[in-house]
Amino acid sequence: MTTQTELLSGNEAIARGAYEAGVTVATGYPGTPSTEILEAIAAFKPDIYSEWSPNEKVALEVAVGASFTGARSIVTMKHVGLNVAADPLMTFACIGAVGGLVICVADDPGMHSSQNEQDSRHYARFAKIPIFEPSDSGEARDFTALALSVSEQFQTPVILRTTTRISHSRSLVALRERAQPAKRAGFVKNPPRYVPIPVWARAMRRTVEERLPKLSSAACGSPANRIEMRDPGLGIITSSVAYQYVRDIWPEASVLKLGWAYPFPDELIRRFASQVKKILVVEELDDFLEEHIKALGIACDGRNFIPGLGELSPTVMRAARAKYEGRPPIAAPSRAQTQDLPLRPPVLCPSCPHRGIFYALAQFDVVVTGDIGCYSLGVLPPLNRMDTILCMGAGVSMTQGFEKGGEPKRVVGIVGDSTFFHSGMTGLLNIVYNGGSAVIIVVDNRTTAMTGHQPNPGSGQTLMGEGAPAASIEAIATACGVKRVITVNPYELQQTIQTLKESLEAKEPTVIVSRAACPLDEGKPVGEALAINTDQCQQCYECLSLGCPALERDEAHGLRINDLLCGGCKMCQQICPVEAISTKEAVQ
Amino acid sequence: MSANQTINIVLAGVGGQGILLASEIIARAAMAAGFAVKTNEVHGMAQRGGSVLAQIRYGQEVHSPLVERGAAQVLASLERIESLRNADYLAPDGLAVVSSQIVLPVTVSSGQATYPQDAEARIRTAFPRLIYLDAIGIATGIGNARCSNLVILGALAKGLVLPAEAWREGIRQSVKPRFLDINLRAFEAGQAL
């Protein structure tokens, strides 16, 4: 046993836990804040096989196959990814695991980088399976191993749920050695065990119900759940990172900390309730615990004092405590005048190829259905060239509804390469099959950029660094039945605008593949940094309509190109009406 | 510091300024000094040129990874107005270390907003204990503008009680060996302010 201690993020700690617990198969789809789990696991090759699957449903299905051979596996995704994987989850919960299978889902309270704020704990109750919630990196490592053994012991998938503040906070973890995976016999044919046709599915259904009280009993005695008795005047029931805030803001309170919250450990909750005078439930997002505790007939406070919108924090908790104790909140006077500070929203990087597509789209009066990725930023001013976002793949599918719903304008769908492989392909097939005529632009930057440049089926490389056949978006579009498939270089603005114009005029489904590698991923500038010839510049500011961070303007210095930021993509040069932008040498 | 006190540090800036490295160095320095440490950083969309915030807490025992408003002993900002945006994290008697560097947001360049011309005056009013410095200029003088984050760290170290050897160890563990010397010199230049 090693005693080395490391500073690990929650995500790295989960990866470490999977490694130490003898996991041999790890799958997932990138999504903030979950992405780094699988990236950290990839470093454990060849002990662990890891893959970025095209989407979360596929990732879970791969892991289920591995589980049926007896292998221990882990699947990672963000909260909305679990919606995609919900179909296999609900039935796998009935069939049950062989080798331990943990679904790691990362929620994003406060929506730091997500399109919704969803409390994935409901999936545990929905699927009737256990859920573990670590409160720091040490527990993230420990609970991963614990969840795997519970999965095997009770033949059930287990959810390991983190939040942004667990996944992206670092704390100390004492590393352990890897437990070698047990020797396995492989898949043992047994149709009633593995095939949920109704006759056998009814038996599985019964097994699920019979499993619940056994799991609840195990949760009561699990090291993941503990009572910390301090002042019996107030007992706080809490979980996840909220536990840490409680310890800071309510240091004297007794605490029931639920690291394994479902199936609810009723006996433990009752015991704690009998030891304290009053109960306050402190949980982030929904009143998942509170509702059940009240259903047990135990009086408690919770949502009446603890906000359910957005994320909790020590600051929020301090205010909640004042409210609970009937004191006015201590409103610290603000130090600085901040009301007029300019916002600093995320923007497309300098020389981002997506900028060319949005500039081109701005020339046409069309509806643009967008999707999830860096290109979501095209909705913000000054580009303003996206009209809707729903979920992964909807940028393609929704065009059909706009068209059939009677939208008078032409409709353009935008989807990234990774998102196209994830769930855009089926929407495209639908457009062709059901007589649509949308223009679909696949912004192919050769990587999954927003989450930090993960390879995808089009990249020609796997998570483990092996070469792979690069899927052709053009060939897939053609195979779906699209006859107009055109590839453009988005840095060539006139050509891109022209292609878009012709495609909007053609009344048939069209796929435009806008192909240029993400310069951040390439690690080198597109071209030489540019400069503005101030003698020639007419201050028309057309270049600023690109929303490029390298083009700077303020009252003190006027308009200039920040040559530390400029990636030399030359889009501003192409749209300058007086040719005032050129290479630095030419300008000087 | 008293035995049970938790030290809170907030680092503010813009994506790409080296905040995550600065955060790691503080955490490893505190570890080298024998403390428990927790840190939190913003990831994801905020990396695309947006505001970035890193929080570091250390002490005998640390619970929350997030710093409570009004509780930071030190607030360091690698960009001028990001210090104002996050001013309320700082304790009333806390030390502010602010780089005079301006990174213009796209909202300003595109004319949707203006960059406050009186930012420096506001900063001097907001922070009674202030080190206001041209970190880029100092780092450039040493030989690499990219080491400005280490200059800030050196100044920030004046508001903390960590042994010099712990800082050295934190820097050594966090930077590539061939950049160790210049980073140490940048740190010392910040300390000398």
Side-chain angles (χ1 to χ4, degrees), chain A residues 5 7 32-33 35-36 112-113 136 164-172 241 243-249 313-315 317-318 332 334-338 340-349 374 377 380-382 450-452 541 544-545 547-549 551-556 559 562 564, chain B residues 6 14-16 23-24 27-28 31 36-51 55 62-71 79 81-85 87-88 90 92 102-119 122-123 125-127 145:
Chain A
T5 299
L7 185 67
T32 312
T35 311
E36 301 85 2
H112 296 274
S113 2
D136 62 15
T164 300
R165 300 303 185 177
I166 297 296
S167 282
H168 288 167
S169 292
R170 289 172 197 275
S171 55
L172 301 177
V241 75
Y243 164 79
Q244 306 293 357
Y245 307 150
V246 165
R247 292 294 293 117
D248 272 348
I249 305 300
S313 69
T315 308
M317 201 70 82
R318 182 79 67 193
S334 183
R335 278 178 167 271
Q337 306 155 41
T338 56
D340 64 341
L341 292 183
L343 294 177
R344 201 184 290 277
V347 286
L348 293 174
C349 301
C374 287
L377 298 171
L380 297 175
M450 181 55 114
T451 44
Y541 302 132
L544 291 176
S545 66
C548 175
L551 282 156
E552 294 180 342
R553 179 183 60 147
D554 64 2
E555 287 168 24
L559 180 67
N562 181 333
L564 291 175
Chain B
T6 304
V14 181
S23 166
E24 184 176 340
R28 295 203 179 277
M31 281 170 72
V37 183
K38 285 189 181 176
T39 71
N40 182 269
E41 298 137 8
V42 186
H43 289 231
M45 285 186 104
Q47 287 181 333
R48 303 280 176 263
S51 300
Q55 312 182 43
V62 182
H63 295 296
S64 164
L66 299 183
V67 174
E68 188 180 355
R69 297 220 162 216
E79 201 275 348
I81 59 166
E82 293 307 308
S83 65
L84 295 171
R85 207 188 299 281
D88 290 346
L90 193 61
I102 292 173
V103 180
L104 283 182
V106 167
T107 50
V108 170
S109 295
S110 62
Q112 304 163 60
T114 53
Y115 197 96
Q117 296 302 303
D118 62 344
R122 288 193 210 180
I123 287 164
T125 310
F127 305 114

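Below, chain A is the first sequence line, B the second, and so on; all start at residue 1. Quantities reported herein were computed from a predicted structural model and do not represent experimental measurements.
Heavy-atom distances place no part of B/Thr125 under 4.5 Å from chain A, backbone and side chain included. Looking at A/Ile249, the atoms closer than 4.5 Å to chain B (heavy atoms on both sides) all sit in the side chain, from C-beta outward. Heavy atoms closer than 4.5 Å to chain B are found nowhere in A/Pro33, neither backbone nor side chain. Proximity to chain B is limited to the side chain of A/Asp136, based on heavy atoms less than 4.5 angstrom apart. Heavy atoms closer than 4.5 Å to chain B are found in the backbone of A/Leu551, but not in its side chain. Both the backbone and the side chain of B/Leu90 have a heavy atom closer than 4.5 Å to some heavy atom of chain A.
Listed for the B/Asp88 side chain is a donor-acceptor partner under 3.5 Å among the backbone atoms of A/Arg335. Between the side chain of B/Thr107 and the backbone N or O of A/Pro342, no donor-acceptor pair lies under 3.5 Å.
Under the 4.5 Å side-chain criterion, counting only non-hydrogen atoms from C-beta, A/Tyr245 is in contact with B/Pro65. Put simply, the side chain of B/Arg122 reaches to within 4.5 Å of the side chain of A/Leu341, judged on heavy atoms. Proximity of A/Arg170 to B/Glu41: side-chain heavy atoms (C-beta onward) are separated by under 4.5 Å at one or more points. Residues A/Pro381 and B/Val106 fail the side-chain proximity criterion, which asks for heavy atoms closer than 4.5 Å.
Across B/Val62, B/Val103, B/Asp118, the residue that shares the most heavy-atom pairs under 4.5 angstrom with chain A is B/Val103. Taking B/Ala126, B/Ser110, B/Pro116 one by one and counting their heavy-atom pairs under 4.5 Å with chain A, the maximum is reached by B/Ala126. Between chain B and the residues A/Gln244, A/Arg553, A/Arg344, the most heavy-atom pairs under 4.5 angstrom are made by A/Arg344.
In terms of the side-chain contact (heavy atoms from CB on, under 4.5 Å) criterion, residue partners of B/Glu24 (sequence neighbours excluded) are, by chain and number, B/Arg28, B/Ser174.
Each of B/His63, B/Arg69, B/Glu68 was checked for a side-chain contact (heavy atoms from CB on, under 4.5 Å) with A/Pro314, and the lone residue meeting it is B/Glu68. Partner of A/Glu552 under the side-chain contact (heavy atoms from CB on, under 4.5 Å) criterion, out of B/Ile102, B/Val108, B/Leu104: B/Leu104 alone.
Between B/Asn40 and A/Arg165 the shortest heavy-atom distance is OD1-NH1, 2.5 Å.
Interatomic distance, CE of B/Met31 versus CG of A/Leu7, reported as 5.5 Å (0.5 Å rounding).
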